[in-house]
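Presented below is the structure to which this report refers.
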Amino acid sequence: MRSLEHQGVKTLFGYPGGSIMPVFDALYDHRKTLNHILVRHEQGAAHAAQGFARVSGEVGVCLVTSGPGATNTITGIADAMIDSTPIVVIAGQVATGFLGTDAFQEVDLVGITQPIAKWSYQIRRAEDVPWAVARAFYIAKSGRPGPVVLDFAKNAQVEKAEYVPMKVDYIRSYVPVPEMDVEAVRQAAELINAAERPLVLVGQGVELGNAQQELKRFLEKADMPAGRTLLGLSALPTDHPLNKGMLGMHGNLGPNINTNKCDVLIAVGMRFDDRVTGNLATYAKQAKIIHFDIDPAEINKNVKVDVAVLGDCKETLAAVTELLQPVKHTEWLESFRPYEEVEAEKVINLELHPGTKELSMGEVVRAVSEASRNEAILVTDVGQNQMMSARYFKYTKERSIVTSGGLGTMGFGLPAAIGATFGRPDRTVCVFMGDGGLQMNLQEFGTIMEQKAPVKMILLNNNYLGNVRQWQAMFFGHRYSFTPMLNPDYMKIASAYEIPSRRVFAREELQQAIEEMLATDGPFLLEACVMEEGNVMPMTPPGGSVNQMLLEC
């Protein structure tokens, strides 16, 4: 507990059990300085730690027992790894004398988590605790962030040792931030200065590196349009004149199509995920490519680049900006307008003003965003609710989107939103969920009830596993194999957990219901019963090129 306090920890999420009981007993004496949030499932603890980390910029911490307690965090650890989220998972373990004997609730947690964590370590002696904790936090937060696992043998929990505070800021052979290459900076600036049609791809690395202002100066000096990845959406305000929308399978037409028309493509803190690139064989073949990243492993992993600018993007963006010539790309920027007009006519206007009796997902999302003055933190689950909320929510503040990007974890939204309310208690947290994802971690209503966590929950209920149903409609001949959902009465469930709630079917009820939700002190569940077979468009078909987006199902 003293080691955690030394690292600045004030909040942790957990669930007690036999092999971690001595730690929880110690926690009892540290309740004034360490706020422990009792979740209802260990997966919820991991996702809550992620939500906390994503909005606060600090390391999220969860504390669980051995065996099933530890393995229940695996999804959260894998999710944090692929989305570069700094969390530390502390799990109980049997005593060292029982290791390898198949003792009760023994599992090789280090072996399981090594492929999906930045570092996994088993603490076997009490005297190693301060060192292991200090090292864990340094690794989790430094460089490209990620999850760290500490497997805490029970004998080490009860042994006596003198506490010596430790600080770790160097590990031999671990280089969290590569040294900036001045020649690469010069080459990048040279390519950008010569470009007639530059396009910047903005990833979450900008948020992780706190380089939002550096990004704006970079874009504005060279008058370059930008597309944002799903996790990078709030790195640039929605209404910034150089923001041209979201990249990817369900992104906006302009940045996707112009990816294959630009002459210089500049990726900043993004990893060329397959949902962004589509078919790599046809991806930006006409362009010179510059890649800003902190992780050398990402360079040339998916897309071969012409210039790699390694380092902290807060520093590297500023260095390149210094060498840029102020220019205007008026004609290139205007080339986005026809795509924006087509998308508005054929997709956006139909989604926001559907002309049907039933509500659409997009209009619910936009109404919530505007009612919160576009200042809320958006948390999403995974599926159609995720894509619709990402597309139609508006972002005016930094670190305003929390979503499961790389792993696509259904059940992520609810516990991540709980964590977000503790990471930024000064901001409104709105989580959008589908009826499928909500039921995967529905038990965390108990955590919300106990903590009175002010989570504003918006359930977009279409009685389907909507994303899979859309693919079945488009690519499997409308054969809806096990995607229709028979749902419970969510109002009764919310009532059982003492959570105020309201269900809306009609458009004329929506605004008042949203205002009631936002005005309620504490949690609220708003169930919006939306059209059952709504689709997220545009869409790049699986295996298709980024410039081959479909506008209708």
- Query: So do the side chains of K10 and E58 get within less than 4.5 Å of each other, counting heavy atoms only?
  - Reply: no

- Task: Using only heavy-atom distances, determine whether the side chains of N487 and Q439 contain a donor-acceptor pair under 3.5 Å.
- Result: yes

- Task: Could you check E351, E552, R469 and say which one makes a side-chain hydrogen bond (donor to acceptor under 3.5 Å, both in side chains) with N535?
- Result: R469

- Item | Nearest heavy-atom neighbours spanning A417 and V429 | O-CG1, 3.9 Å

- Do other residues, nucleotides or ligands put more than 12 heavy atoms under 6.0 Å from the CD atom of E498? no

- Going through the checks in order, is the side chain to side chain contact (heavy atoms under 4.5 Å, CB included) test met by V504 and L359? CA-CA 9 Å; V504 295; L359 290 165; 4.1 Å; yes

- Task: Give, for atom CG of D79 and atom CD1 of I74, the distance between the pair rounded to the nearest 0.5 Å.
- Result: 12.5 Å

- Item | From F422 atom CZ to Q451 atom CD, the distance as rounded to the nearest 0.5 Å | 4.5 Å

- Task: Test salt bridge (Lys or Arg N to Asp or Glu O under 4.0 Å) on R40 and E450 and set out the steps.
- Result: CA-CA 11 Å; R40 298 307 189 259; E450 182 171 342; 2.7 Å; yes

- Item | Donor-acceptor pair, side chain of T238 and main chain of Y395, under 3.5 angstrom | yes

- Task: Over 60° means perpendicular and under 30° means parallel, so classify the ring planes of W332 and F336, tilted if in between.
- Result: perpendicular

- Query: Roughly how far, to the nearest 0.5 Å, is OG1 of T259 from NZ of K261?
  - Reply: 11.5 Å

- Query: In this structure, which one of N374, L510, I458 forms a side-chain contact (heavy atoms from CB on, under 4.5 Å) with V368?
  - Reply: I458

- Query: When rounded to the nearest 0.5 angstrom, what is the spacing between CG in N547 and OH in Y339?
  - Reply: 8.5 Å

- Query: With distance as the sole test, does Q43 use its side chain to make a donor-acceptor pair with the main-chain N or O of G76 at under 3.5 Å?
  - Reply: no

- Is the closest side-chain heavy-atom distance between H329 and R197 below 4.5 Å? no

- Count the heavy atoms belonging to other residues, nucleotides or ligands that lie under 6.0 Å from OH of Y15, then report whether that count exceeds 12. no

- Task: Report, as yes or no, whether the 6.0 Å neighbourhood of atom CG on D521 holds more than 12 heavy atoms from other residues, nucleotides or ligands.
- Result: no

- Query: Nearest heavy-atom pair of D223 and V327: which atoms, and what distance?
  - Reply: CB-O, 3.2 Å

- Strictly by modelled atom types, are Y464 and Q472 linked by a side-chain donor-acceptor pair under 3.5 Å? no

- Message: As a test of understanding, state which of M388, H353, R507 forms a side-chain contact (heavy atoms from CB on, under 4.5 Å) with E363.
- Response: R507

- Message: Less than 3.5 Å apart, any donor N or O on the side chain of R271 or T229 sitting next to an acceptor on the other?
- Response: no

- Exactly one candidate in L317, V206, L236 meets side-chain contact (heavy atoms from CB on, under 4.5 Å) with K216; the answer is L236

- Message: Go through it in stages, so that I can follow the logic: the residues are N467 and M410, the test is side chain to side chain contact (heavy atoms under 4.5 Å, CB included), and I'd like the CA-CA distance, side-chain angles, deciding distance and then a yes or no.
- Response: CA-CA 11 Å; N467 213 42; M410 289 180 68; over 6 Å; no

- Full working for side-chain hydrogen bond (donor to acceptor under 3.5 Å, both in side chains) between T282 and S545: CA-CA 6 Å; T282 58; S545 299; 2.4 Å; yes

- Query: What are the two closest non-hydrogen atoms of L378 and S389, and how far apart are they?
  - Reply: CD2-O, 3.7 Å

- For the residue pair Q443 and N441, confirm or rule out a side-chain donor-acceptor distance under 3.5 Å. yes

- If we only count heavy atoms from C-beta on, is the H240 to E220 side-chain gap below 4.5 Å? yes

- Taking the side chain as every heavy atom from C-beta outward, state whether Q548 and N260 have any pair of such atoms under 4.5 Å apart. no

- Message: A side-chain contact here means heavy atoms from C-beta on lying under 4.5 Å apart; do R399 and R424 qualify?
- Response: no

- Query: So do the side chains of L407 and D83 get within less than 4.5 Å of each other, counting heavy atoms only?
  - Reply: no

- Message: Could you measure the distance from the CD1 atom of I37 to the CD atom of E444? Nearest 0.5 Å is fine.
- Response: 11.5 Å

- Query: Got a second to check how far N462's CG is from Q470's CD, nearest 0.5 Å?
  - Reply: 10.5 Å

- Query: Which is it for D435 and N463 under the side-chain hydrogen bond (donor to acceptor under 3.5 Å, both in side chains) test, yes or no, and what are the steps along the way?
  - Reply: CA-CA 7 Å; D435 39 314; N463 297 303; over 6 Å; no

- Within the distance-only criterion (no hydrogens, no angle test), does the side chain of R503 pair as donor or acceptor with the backbone N or O of A528 below 3.5 angstrom? no

- Quick one: sort the F475 and W471 rings into parallel, tilted or perpendicular, breaks at 30° and 60°. perpendicular

- Message: Any non-hydrogen side-chain atom of P145 less than 4.5 Å from a side-chain atom of L208?
- Response: yes

- What pairs with K314 under salt bridge (Lys or Arg N to Asp or Glu O under 4.0 Å), at least two apart in sequence or on another chain? E214

- Message: Do L438 and D381 have side chains that approach each other closer than 4.5 Å (heavy atoms only, starting at C-beta)?
- Response: no

